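Atoms considered below: every heavy atom in the structure, side chains included; atoms not considered: hydrogens, waters and symmetry mates. Predicted, not measured: the structure shown is a model, and the values here were computed from it. Counting begins at 1 with the first residue of the sequence.
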Amino acid sequence: MPETVETVFTSVVARNPGEPEFHQAVREVLESIGPALARHPEYAEARIIERICEPERQVIFRVPWEDDRGRIQVNRGFRVEFNSALGPYKGGLRFHPSVYLGIVKFLGFEQIFKNALTGLSIGGGKGGADFDPKGRSDREVMRFCQSFMTELYRHIGAETDVPAGDIGVGGREIGYLFGQYKRITNRYESGVLTGKGLAYGGAQVRREATGYGAVFFADEMLRQTGDSLDGKRVVVSGSGNVAIYAIEKVHQLGGRVVACSDSSGYVLDDKGIDLELLRELKEQRRARLDDYARHVPHAVAVSGRTVWEVPCELALPCATQNEIGGAEAAALVAGGCVAVVEGANMPTTPEAVRILGRAGVRFAPGKAANAGGVAVSALEMQQNASRDSWTFAESEQRLRDIMRNIHDRCWSTAEEYGLPGDYVAGANIDGFRRVAEAMLAHGLI
């Protein structure tokens, strides 16, 4: 990083101690934007970097709720409204025991640039709670969501801040959250949350969007060099919503996903993952992946090891942050991988990115490749505002067009700044420029 940018990063670390994920996300952006700062000295003069690294608002609140045994539980809720230069804050809610302020800030910071890359009028934010919905009854989840929204409602709105789902927050949780918001405010404000059910203002393709979008981006990357997904051997990490729909779209475009994972290990099926069986196990039974091998005799369940040891041509990390480290990246290179496309948020460590780059493996960062989810969320907001609804085919085509445009902007921006093929630099510079120009136009806010 240039010395002036390094000084900013040092200040960010000092002002935000004990938040390594946030530090990592900031460093990745700052390491890329030097060429843009050199071409636009007005950004430094207006201290855009310092301002963009500091959230506009951070809210932390207590969430008391009663479990099924009548005992009072207490969790902590968060909402970080990071940057509204391009539109209302937009970003998901994550319910998971690992959630703390640093995780929420890392996700919110990434969201600024991800949302900017979509070309839609949405700013960046993120939220959540250290609540674990796993093993909880529907009524316990409902009581938690109602308590969470009883505080959050005062900070959100269709023109202010529009949360969505993330890890641990699916259609069930969004429904409970929306119902409580409507009850408290006495308003049917459809656009206040996205990821809603189709019966009450949700959008077609929203559930599929992040997984589909990552695969559309991968397809564009391969096409850029005269290649395609057809016949490609693919490995996907995770077996949740993003992973399942990434697998579906890979299969539709002619690839073959041979392995996926969960927290217990991974399953290898060289004939191609049986998607309907995977859906039944994970979405209906909420079972472990080793059950897959019990139903498919030729499949192999491997416990306690990384799915990245499976040879593949395309890797789609769709689980969580920092799941691909140096050892995993080396294994991917040894296994013949030609491209890594992030379906999750920051699943690849800086060391791993360097190893992949030195080996000539093409790499697409999450802020570009997994922007499909927030893109369709913004389309849901459009439909809510106009009291309209679009077909599945129309929504999927819009998603594909958005992902193609994001890919093309990343590619062309990297070339413009003398960094051909560097999708990280292309994504960071393009997203940063869009936000910086809006911040300059708004004055000192």
I would like to know whether Thr194 and Glu380 meet side-chain hydrogen bond (donor to acceptor under 3.5 Å, both in side chains); could you show each step before the answer?
CA-CA 7 Å; Thr194 58; Glu380 182 176 332; 4.8 Å; no

Derivation of the side chain to side chain contact (heavy atoms under 4.5 Å, CB included) call for Gln24 and Asn322
CA-CA 10 Å; Gln24 180 181 336; Asn322 293 328; 2.9 Å; yes

Test side chain to side chain contact (heavy atoms under 4.5 Å, CB included) applied to Phe432 and Ile49, step by step:
CA-CA 9 Å; Phe432 177 77; Ile49 307 173; 4.2 Å; yes

Tell me, with the steps shown, if Tyr153 and Gln180 meet side-chain hydrogen bond (donor to acceptor under 3.5 Å, both in side chains).
CA-CA 9 Å; Tyr153 88 94; Gln180 184 72 352; over 6 Å; no

Could you go through Trp390 and Gln382, starting from their C-alpha distance and side-chain angles, then the distance that decides it, and tell me whether this counts as side chain to side chain contact (heavy atoms under 4.5 Å, CB included)?
CA-CA 10 Å; Trp390 305 334; Gln382 289 182 25; 3.6 Å; yes

Side chain to side chain contact (heavy atoms under 4.5 Å, CB included) assessment of Gln224 paired with Arg362:
CA-CA 11 Å; Gln224 188 66 43; Arg362 281 161 280 169; over 6 Å; no

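Side chain to side chain, Ser84 and Glu56 meet the donor-acceptor criterion of an N or O pair below 3.5 Å. Using modelled atom types, one finds a donor on one side chain and an acceptor on the other under 3.5 Å when comparing Glu309 with Tyr266. Side-chain contact annotation: Tyr100 with Glu21, donor-acceptor N/O pair under 3.5 Å present. Judged purely by distance below 3.5 Å, without hydrogens or angles, the side chains of Glu328 and Thr306 never pair a donor atom with an acceptor atom.
Judged by the 6.0 Å and 45° rule, Arg207 forms no cation-pi pair with Tyr245.
Surrounding CD of Glu159 are at most 12 heavy atoms belonging to other residues, nucleotides or ligands under 6.0 Å away. Residue Arg387 places its CZ atom among 12 or fewer non-hydrogen atoms of other residues, nucleotides or ligands, all under 6.0 Å distant. The number of heavy atoms from other shown groups lying within 6.0 Å of CZ (Arg154) is above 12.
Residues in residues 116-131 take part in these salt bridge (charged side-chain N to carboxylate O under 4.0 Å, His left out) pairs, two or more places apart or across chains: Lys126-Asp166.
Atom SG of residue Cys410 and atom CG of residue Asn405 lie 11.0 Å apart, to the nearest 0.5 angstrom. In this structure, the separation between CG on Leu278 and CD1 on Ile247 is 5.0 Å, given to the nearest 0.5 Å. Between the SG atom of Cys53 and the CG atom of Leu30 there is a distance of 5.0 Å, given to the nearest 0.5 Å. Within the model, atoms OG1 of Thr413 and CG of Asp408 stand 10.0 Å from one another, a figure rounded to the nearest 0.5 Å. If you take CH2 on Trp308 and OG on Ser261, they are separated by 7.0 Å, rounding to the nearest 0.5 Å. From Asn115, atom CG reaches atom CD1 of Ile122 across 4.0 Å, with rounding to the nearest 0.5 Å.
No side-chain donor-acceptor contact under 3.5 Å links Asp161 to the backbone of Ile156. Asp422 contributes a side-chain N or O that, together with a main-chain N or O of Ala425, makes up a donor-acceptor pair within less than 3.5 Å. Tyr423 places no side-chain N or O within donor-acceptor distance of the main-chain N or O of Val341, the cut-off being under 3.5 Å. In terms of modelled atom types and a separation under 3.5 Å, the side chain of Glu248 and the main chain of Leu275 share no donor-acceptor contact. Under a 3.5 Å cut-off, the side chain of Ser11 and the backbone N or O of Thr7 do not form any donor-acceptor pair. Without hydrogens or angle criteria, Asn370 side chain to Ala344 main chain gives a donor-acceptor distance under 3.5 Å.
Asp262 and Lys282 are joined by a salt bridge, as a carboxylate oxygen and a charged side-chain nitrogen come within less than 4.0 angstrom of each other. Asp227 has a carboxylate O that lies under 4.0 Å from a charged side-chain N of Lys232, or vice versa, which qualifies the two as a salt bridge. A salt bridge is absent between Lys105 and Glu54: the closest approach of a Lys/Arg side-chain nitrogen to an acidic carboxylate oxygen does not fall below 4.0 angstrom. Using a cutoff of 4.0 Å between basic side-chain nitrogens and carboxylate oxygens, Glu110 and Lys114 are not scored as salt-bridged. Using a 4.0 Å cut-off between a side-chain N of Lys or Arg and a carboxylate O of Asp or Glu, Lys367 and Asp430 do not qualify as a salt bridge. A salt bridge is defined here as a Lys NZ or Arg NE, NH1 or NH2 lying under 4.0 Å from an Asp or Glu carboxylate O, and Arg398 with Glu394 meets this definition. Looking at Glu276 and Arg279, a side-chain N of the basic residue comes within less than 4.0 Å of a carboxylate O on the acidic one, giving a salt bridge.
The side-chain heavy atoms of Val353 and Glu28, taken from C-beta on, include no pair separated by under 4.5 Å. Proximity of Gln204 to Leu198: side-chain heavy atoms (C-beta onward) are separated by under 4.5 Å at one or more points. Contact check for Phe78 versus Gln58: no side-chain heavy atoms found under the 4.5 Å cut-off. Two residues are said to be in side-chain contact when any heavy atoms from C-beta on lie closer than 4.5 Å; Lys90 and Met381 meet this criterion.
You'll find the ring centres of Phe82 and Phe109 inside the 6.0 Å limit. Between Phe148 and Phe95, the ring center distance clears the sub-6.0 Å criterion.
Summarising the geometry of Val376 relative to Arg206, their closest heavy-atom pair is CG1-CA, 3.6 Å, with the distance given to 0.1 Å. Between Ser98 and Ile103, the shortest heavy-atom distance links the atoms O-CG1, 3.8 Å. Tyr176 and Cys145 make their closest contact through CB-CB, 3.7 Å (heavy atoms, listed as atom of the first residue, atom of the second, distance). Closest heavy-atom contact between Ala46 and Arg51: O-NH1, 3.0 Å. Between Thr210 and Gly373 the shortest heavy-atom distance is OG1-CA, 3.2 Å. Across Val63 and Arg76, no two heavy atoms sit closer than the pair CG2-C, 4.3 Å.
With Asp219 as the partner, the side chain to side chain donor-acceptor pair (under 3.5 Å) test is satisfied by one option alone out of His407, Lys249, Arg400, Arg404: Arg400.
The ring-ring contact (aromatic ring centres under 6.0 Å, His included) search around His40 returns Tyr43, not counting sequence neighbours. Among residues two or more places apart in sequence or in another chain, the ring-ring contact (aromatic ring centres under 6.0 Å, His included) test is passed with Tyr200 by Phe178. For Phe392, there are no ring-ring contact (aromatic ring centres under 6.0 Å, His included) partners, not counting sequence neighbours. With sequence neighbours excluded, no residue forms a ring-ring contact (aromatic ring centres under 6.0 Å, His included) with Phe216.
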Hey, can you pull the donor-acceptor pairs under 3.5 Å for the side chains in residues 313-320, sequence neighbours left out?
residue : atom : partner : partner atom : Å
Glu313  : OE1  : Arg233  : N            : 2.8

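Below 30°, between 30° and 60°, or above 60°: for His23 and Phe9 the angle between ring planes is above 60°, a perpendicular geometry.
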